[in-house]
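Values below: every heavy atom of this structure, side chains too, minus hydrogens, waters and symmetry copies.
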Amino acid sequence: MPTPDPAPISPDLEQDLLAITTWQGEDTALWKSALEAHAATRAKNWSRARILRIAVTTASVAAILLIAAGILMPALGKARNSSRSVGS
């Protein structure tokens, strides 16, 4: 089944699109104030995210250090006991 031919393209397509999509209403002060409010909220959320990231990183490092200490402490105790027995 053959496909139908596409509609003819206007030679001034760019001008037509510009005329259709250009805002013809009042001043955009409401939009500007909404964007400014969003920017302030975004900045506040960014600082919260940064603080949260630092807290998570610190907690992760502390957990790794505790796990490493838990693994190494028995080995250190054995080495200490063996050094006492060699010295006596």
Would you give the length of the straight line joining atom CG of Leu65 to atom CG of Leu72, rounded to the nearest 0.5 angstrom? 10.5 Å
Who are the side chain to side chain contact (heavy atoms under 4.5 Å, CB included) partners of Ile64, not counting sequence neighbours? none
Just jot down the side chain to side chain contact (heavy atoms under 4.5 Å, CB included) partners of Gln15, sequence neighbours excluded, or say none. Asp12, Leu18
